[in-house]
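Every heavy atom of this structure was used, including side-chain atoms; hydrogens, water molecules and symmetry mates were not. Naming convention: chains lettered A, B, ... in sequence-line order (proteins, then strands); numbering from 1 in each chain. Predicted, not measured: the structure shown is a model, and the values here were computed from it.
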There are 2 protein chains.
Amino acid sequence: MKEYQIDVQLSSNLKEKPAFDQLSFGTVFTDHMFIMDYTEGMGWHDARIVPYQPISLDPSAIIFHYGQTVFEGLKAYNTKDNEILLFRPDENMKRLNRSNKRLVIPEIDEDFALYALKKLIAVDKDWVPSVEGTSLYVRPFIFATEPYLGVRPSAQYSFVIILSPVGAYYKEGINPVKIAVEGDFVRAVKGGTGNAKTAGNYAASLKAQHDAEKQGYSQVLWLDGRENKYIEEVGSMNVFFKIDGEVVTPELNGSILEGITRKSVIELLQYWNIPVVERKISIEELFAAHHEGKLEEAFGTGTAAVISPIGELSWNGEKITVNNLETGPLAKKIYDSLTGIQTGVAEDPFGWRVVVETE
Amino acid sequence: MKEYQIDVQLSSNLKEKPAFDQLSFGTVFTDHMFIMDYTEGMGWHDARIVPYQPISLDPSAIIFHYGQTVFEGLKAYNTKDNEILLFRPDENMKRLNRSNKRLVIPEIDEDFALYALKKLIAVDKDWVPSVEGTSLYVRPFIFATEPYLGVRPSAQYSFVIILSPVGAYYKEGINPVKIAVEGDFVRAVKGGTGNAKTAGNYAASLKAQHDAEKQGYSQVLWLDGRENKYIEEVGSMNVFFKIDGEVVTPELNGSILEGITRKSVIELLQYWNIPVVERKISIEELFAAHHEGKLEEAFGTGTAAVISPIGELSWNGEKITVNNLETGPLAKKIYDSLTGIQTGVAEDPFGWRVVVETE
């Protein structure tokens with residue numbers, strides 16, 4: 001293995017840790033952060049772990065104006081044996097570079113980024129909560145820092161990793177949520193940035209989500225931007241349906257995010273010999289399946305919530321209830337299996353876990 | 001008029017000004033900036049003019065992750081009589097609030113924002129260049145500052161205005177540019193954020209622009225995201241074509257930015273009794289018009305470049321030349337008229353100019 005150089009400057013003023021049994025999502029951050037800079041002609045340089053601190057940028061920095069940025073999200077878990085586990089972090093680093101290409105951001109060395117991520121977690125290891133349902137959320141992100149108002153790729157970037165001990169993403173936990181099918185607003189379209197993990201996709205989603213919440217829904221179900229017909233994602237998650245014994249998820253088409261939980265769910269279903277297919281599925285087909293009594297389960301998948309069952313869907317003035325508004329047996333089985341593998345209480349037949357060495 | 005309160009803290013360390021006859025675009029900034037903050041429950045508060053300085057944000061600030069931000073761009077001109085003029089700045093403030101609504105950002109008081117903008121320019125009035133072709137570019141922008149990793153609208157924002165003395169946006173000046181019609185990538189789609197001035201649209205455009213430049217083109221011509229058929233914009237400008245004596249520009253459809261230069265060009269053409277129509281126009285129709293000898297002129301319109309003639313268009317392996325790669329008479333007439341009004345050398349029959357009081 002290559003020798004990697006990271007300068008470590010430890011905080012002399014450690015924060016008080018929150019009550020790990022009362023964590024919410026994404027509001028508390030650890031004592032340290034990782035930073036590395038990019039300068040055209042120099043490449044990535046000055047990798048360092050420093051006390052968690054504000055980022056200072058010129059007001060003309062490209063990130064503020066043209067949103068040239070990408071990010072990732074993954075979780076670290078504390079096992080009963082006090083081992084810290086990551087879940088398929090190599091997949092996050094690969095996707096980060098795919099996002100970089102789409103946003104014309106210089107690629108990172110995936111092995112080094114993973115090394116840096118583990119080293120940062122090791123420094124802040126006391127922040128990995130061990131209460132059930134909790135984890136340490138890891139947020140790597142890269143953003144354009146060059147002070148320049150012309151529209152072109154930046155010549156300077158920062159790559160930052162921050163850590164946040166988190167509880168459940170949804171206050172409802174694994175309880176089914178109510179979802180509105182979005183008929184007007186669109187998250188992404190073929191040829192756009194939908195399959196990159198970049199800020200603009202999330203910015204575009206805020207209005208529909210906000211409007212849906214005012215109507216009493218947790219999230220929206222996104223339809224495709226070309227025909228407003230085919231199902232794409234739910235909120236900021238991928239989506240699965242169990243129809244007549246077969247599990248269906250929208251195929252990757254350029255506008256759907258290639259979720260790592262999505263990929264893992266497909267591989268888990270294949271391992272269990274449960275029929276699973278990636279294909280186009282229209283909202284008409286989904287509602288028709290319900291009317292024929294064939295829509296057995298529906299759920300979202302993502303790093304933050306892992307599995308989020310859908311209990312109710314509203315579209316075109318019609319409301320349908322899925323599995324009597326209860327968590328279905330398949331969603332439960334997948335949730336238990338995935339979180340079991342992630343937290344170290346179950347076997348890991350796939351080799352998905354990566355241990356963080358803490359000396 | 002209402003009494004507005006802005007705290008002014010003048011810089012005690014003024015910068016050296018650049019040579020105003022050698023300005024490029026968006027690299028040099030003035031001595032001061034305007035800032036105002038928003039906090040949920042308090043509204044917009046603490047409006048202030050301060051020395052130009054870095055912005056410091058928590059690494060978890062929503063702008064870095066979910067791109068909740070909007071901006072505007074306009075120019076101030078120094079007339080021969082040393083008067084400072086703005087061009088339709090009220091239109092920018094209206095559009096800023098339309099963008100705010102789409103991005104779920106709290107609206108600003110348009111009159112106050114314009115007052116603040118003028119006051120900032122007055123403070124930095126010595127930075128408004130008077131060399132021909134130069135101006136003071138004004139960049140108002142609003143961004144989400146709350147430190148929170150969940151996906152929802154921020155509870156905190158900053159509204160900042162910065163100023164930059166600029167030369168021509170394109171090194172080519174008013175010379176015609178070569179444009180590649182983009183067949184794969186899409187800037188925006190109906191239901192998305194295309195008609196809001198927000199970072200994600202520009203982030204989405206970088207890859208196609210970057211690839212086009214490598215092929216020797218200045219910009220790309222964007223087609224619609226639903227059918228990849230209808231013309232939308234060129235680079236980050238609106239686009240006009242003169243076909244058989246009539247001027248055609250793509251109609252506003254939700255994915256096209258409602259350009260203020262676009263609107264002014266339409267009003268100018270109507271004032272001159274030159275036929276102008278806003279409608280769908282396909283790339284096939286445009287190339288067919290060229291083949292029939294009817295495509296007389298093509299040009300982009302925007303605040304930064306004002307008018308940018310298109311000399312060559314490449315699509316599907318075919319290259320066509322417009323007006324012998326020369327600036328057409330209509331593009332020239334519009335450019336001269338608009339810049340004449342903007343810089344105070346021509347009459348302003350529309351009342352588009354707004355004077356900045358400097359004491």
Trace of the side chain to side chain contact (heavy atoms under 4.5 Å, CB included) decision for B:F185 with A:R102: CA-CA 10 Å; B:F185 292 112; A:R102 180 63 183 87; 3.5 Å; yes
Residue selection (most heavy-atom pairs with chain A, distance under 4.5 Å) from B:G200, B:A204, B:G254, B:G26: B:G26
Option in B:I162, B:N201, B:T193, B:L103 with maximal non-hydrogen atom pairs under 4.5 Å from chain A: B:I162
Best-contacting candidate, B:S164, B:P59, B:G192, against chain A by heavy atom pairs under 4.5 angstrom: B:P59
Contact winner vs chain A - B:D211, B:D58, B:I55, B:I62, heavy-atom pairs under 4.5 Å: B:I55
Chain B contacts, top residue of A:G191, A:A196, A:A61 (heavy-atom pairs, under 4.5 Å): A:G191
Close aromatic pair by centroid cut-off 6.0 Å: B:Y202 and A:H65: no
Closest-packed option against chain A by number of heavy-atom pairs under 4.5 Å, given B:E146, B:K101, B:Q209, B:M33: B:Q209
For chain B, the option from A:T198, A:V104, A:T27 that forms the most heavy-atom pairs under 4.5 Å: A:V104
Heavy-atom closest pair, residues A:P54 and B:S56: CB-OG, 3.2 Å
Toward chain B, the part of A:S205 with a non-hydrogen atom under 4.5 Å: side chain
Under 4.5 Å from a heavy atom of chain B, the part of A:K207 involved: both
Portion of A:Q53 that has a non-hydrogen atom of chain B nearer than 4.5 angstrom: backbone
Contacting region of A:K197 [heavy-atom separation from chain B under 4.5 Å]: neither
Residue among A:G73, A:G67, A:G183 with most heavy-atom pairs under 4.5 Å to chain B: A:G67
Parallel, tilted or perpendicular: rings of A:F143 and B:F64 (30°, 60°): tilted
Distance in Å, A:F141 CZ paired with B:L149 CG, rounded so as to fall on 0.5 Å steps: 8.0 Å
Any B:Y52 side-chain heavy atom under 4.5 Å of A:S60 side chain: yes
Contact origin within A:V186 toward chain B - heavy atom pairs under 4.5 Å: both
Check: A:F25 ring centre within less than 6.0 Å of B:Y148 ring centre: no
Closest non-hydrogen atom pair, A:H210 against B:P153: ND1-CG, 4.1 Å
Interface residue of largest heavy-atom contact number with chain B, from A:A208, A:A203, A:S24, under 4.5 Å: A:A203
Closest non-hydrogen atom pair between A:S236 and B:V151, with its separation: OG-CG2, 4.4 Å
Segment of A:R139 engaging chain B (4.5 angstrom heavy-atom cut-off): side chain
Side-chain donor/acceptor of B:Q68 to backbone N/O of A:L206, under 3.5 Å: no
Within residues 222-229 of chain B, residues adjacent to chain A where the heavy-atom gap is under 4.5 Å: B:G225, B:R226, B:E227, B:N228
